[in-house]
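Structure, as structure tokens:
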2 protein chains.
Amino acid sequence: MGFFSKTCEYALRAVMYIASQSSDGKKVGIKEVADKINSPLHFLGKILQNLSKEGLIQSTKGPQGGFYINPDGLKRPLADIVIAIEGTQFLNGCGMGLSYCSQENPCPLHDDFKEIRDRLNLMLHKTTIGQFNDKLIQGVLTLNK
Amino acid sequence: MGFFSKTCEYALRAVMYIASQSSDGKKVGIKEVADKINSPLHFLGKILQNLSKEGLIQSTKGPQGGFYINPDGLKRPLADIVIAIEGTQFLNGCGMGLSYCSQENPCPLHDDFKEIRDRLNLMLHKTTIGQFNDKLIQGVLTLNK
DNA sequence: TAATTAAAAGATATTTTTGTCTTTTATTGT
DNA sequence: ACAATAAAAGACAAAAATATCTTTTAATTA
Ligand code: FES
Ligand code: FES
């Protein structure tokens, strides 16, 4: 198992790809997205469909249709994607599985784990969906393989 | 979904409980362990069985039998448990699911993610299985609920 | 040796995740 | 209106994670 679920990995890669392609209002088809991020086509379809319902990405049907992200969406944090898919427990929960993470009734890892989890949250909240557009277009960063 | 899998959460809690009880060579039955860490009995059985095969914990059958951890085992890092259960990918892999995490062909999150992953590794490697025994016995730390 | 105990091992079941395929709906262009 | 396009939605399937129950094996005690 990876750090995030497959669903979340595909979502992060797909959203960043769509973001990098939709700066000028362009739309990308799901086939292209699946191809560029190396993910199963129809499975990705379901994922993007859900993100679309959440308003994290936009889509239109028909010719010239496809997925895109509006300017406001490009400014949203990656945390929104992770929370939409993994749920809040992933970013707030106890590392050892206690039903509540608390300073008052801590698990053995609480202090150390909380610090790491806080850093993860910080990263996911400070990083925006559109932040890597330039480097993705330049090809300095990769989303497949 | 939590940060670690259920299997890993149960394993961490169970191993720490066994550790805290086996400082003086005492053994604990699976029923007691499952009860004290609030986990499904037979599922935990399978998990401990695997950890036993890996040599991370010890067990004996029959009356007065049960699970325990030898002095050397108490000094092993938590990383051994996590790796035994989640696999190496969890602690080494790319956060966005690329098949290799590398500086040369990085995903957008590489720099930030690597730092967090490094900290997680540091914690799991520096923390030993027996490290919390005293506080667990004192009841300052919890392993259930 | 026989009975008892407790983990190991095996079989089976349920749920969730991951993946594929088909049909429907909405949009566009002719 | 009609045909073409592309996402939405639904049905289905495979694999993995999670969970339960039963049988077997090994150790202890009487
Ligand atoms: S109680 Fe476990 S991480 Fe806070
Ligand atoms: S390449 Fe993605 S974390 Fe290193």
Side-chain angles (χ1 to χ4, degrees), chain A residues 1-15 18 21-22 25-35 37-69 82 84-87 89-90 97, chain B residues 1-15 18 21-22 25-35 37-69 82 84-87 89-90 97:
Chain A
M1 281 224 321
F3 191 86
F4 295 115
S5 65
K6 288 278 180 200
T7 304
C8 191
E9 289 176 351
Y10 295 151
L12 289 170
R13 302 216 299 275
V15 167
I18 295 168
Q21 298 297 304
S22 62
K26 200 173 47 170
K27 293 163 199 159
V28 276
I30 182 142
K31 201 171 170 182
E32 177 185 337
V33 179
D35 190 59
I37 72 161
N38 190 34
S39 78
L41 181 80
H42 297 288
F43 187 43
L44 181 63
K46 296 290 184 188
I47 297 169
L48 295 185
Q49 196 174 306
N50 288 332
L51 294 179
S52 179
K53 276 181 199 157
E54 304 261 352
L56 282 161
I57 63 177
Q58 287 74 43
S59 71
T60 58
K61 299 178 177 180
Q64 310 309 320
F67 294 93
Y68 61 102
I69 300 177
V82 174
I85 287 166
E86 307 280 16
Q89 193 69 2
F90 188 89
Chain B
M1 278 223 325
F3 191 85
F4 295 114
S5 65
K6 287 276 179 200
T7 304
C8 192
E9 289 176 352
Y10 295 152
L12 289 170
R13 301 215 299 273
V15 167
I18 296 168
Q21 297 298 304
S22 63
K26 199 172 49 168
K27 292 162 199 159
V28 274
I30 182 144
K31 200 171 170 181
E32 177 183 338
V33 180
D35 190 58
I37 73 160
N38 191 34
S39 78
L41 182 80
H42 297 288
F43 186 45
L44 181 62
K46 295 290 183 188
I47 297 169
L48 295 184
Q49 196 174 307
N50 288 332
L51 294 178
S52 178
K53 276 182 199 157
E54 304 260 353
L56 281 161
I57 64 178
Q58 287 72 45
S59 71
T60 59
K61 297 178 178 181
Q64 312 308 320
F67 294 93
Y68 62 102
I69 299 177
V82 174
I85 288 166
E86 305 281 16
Q89 193 69 2
F90 188 89

Whole-Å distance, L44(B) CG to dA7(C) C1', equals 12 Å

Could you tell me how far apart K53(A) (NZ) and dA9(D) (P) are, to the nearest whole angstrom? 5 Å

How many angstroms lie between atom CD1 of I18(A) and atom CD1 of I37(A), to the nearest 0.5 angstrom? 8.0 Å

Is the phosphate of dA8(C), meaning OP1 or OP2, less than 4.0 Å from a side-chain N or O of S59(B)? yes

Starting at atom CD1 of I85(A), determine the distance to atom C1' of dT18(C), rounded to an integer number of angstrom. 13 Å

Short heteroatom pairs, N/O only, protein and nucleotides 14-18 of chain D, under 3.5 Å:
| from | atom 1 | to | atom 2 | distance (Å) |
| --- | --- | --- | --- | --- |
| dT18(D) | OP1 | K6(B) | N | 3.2 |
| dT18(D) | OP2 | T7(B) | OG1 | 2.7 |

For atom CD of Q58(B) and atom P of dA8(C), their distance in whole Å: 11 Å

Just call it for K27(A): base, sugar-phosphate, or nothing, with non-hydrogen atoms closer than 4.0 Å on any strand. nothing

Only counting residues at least two apart or in another chain, list the ones meeting side-chain hydrogen bond (donor to acceptor under 3.5 Å, both in side chains) with S5(A). E86(A)

Minimum-distance nucleotide to K61(A) side chain [options: dA27(D), dG10(C), dT27(C)]: dT27(C)

From M1(B) CE over to F90(A) CZ, what is the distance, rounded to the nearest 0.5 angstrom? 6.5 Å

Starting from P on dA11(C), measure out to NE2 on H42(B) and report it in whole angstrom. 17 Å

Taking any heavy-atom pair under 4.0 Å as a contact, classify V33(A): base, sugar-phosphate, or nothing. nothing

Pick the closest DNA chain C nucleotide for F4(A) and for Q64(A) by heavy atoms, then say which residue is nearer the 5' end. F4(A)

Are the side chains of C8(B) and V82(B) in touch, meaning some heavy atoms are under 4.5 Å apart? yes

Take atom NZ in K27(B); do more than 12 heavy atoms of anything else shown fall under 6.0 Å from it? yes

Give the nucleotide from the list dT28(D), dT27(C), dG10(D) with an atom nearest to the side chain of K46(A). dG10(D)

Mind calculating the distance between CD1 (I57(A)) and C1' (dA8(D)) to the nearest angstrom? 12 Å

Is the distance from OP1 or OP2 of dA6(C) to the nearest side-chain N or O of T60(B) less than 4.0 Å? no

Nearest nucleotide by nearest heavy atom, which residue falls closer to the 5' end of DNA chain D, G62(A) or G45(A)? G62(A)

Measure the spacing between CG of L44(A) and CD of Q49(A) and express it to the nearest 0.5 Å. 11.0 Å

Pick base, sugar-phosphate or nothing for K31(B), based on heavy-atom distances below 4.0 Å to the nucleic acid. nothing

Can you find a heavy atom in the side chain of N50(B) that is under 4.5 Å from one in the side chain of L56(B)? no

Output the rounded distance in Å from CD1 (I47(A)) to C1' (dA7(D)). 15 Å

Send over the distance from I30(A) CD1 to dG19(C) P, rounded to a whole Å. 14 Å

What distance do S59(B) atom OG and L51(B) atom CG have between them, rounded to the nearest 0.5 Å? 11.0 Å

Looking at dA7(D), I'd like to know if its phosphate oxygens (OP1 or OP2) sit under 4.0 Å from a side-chain N or O belonging to Q49(A). no

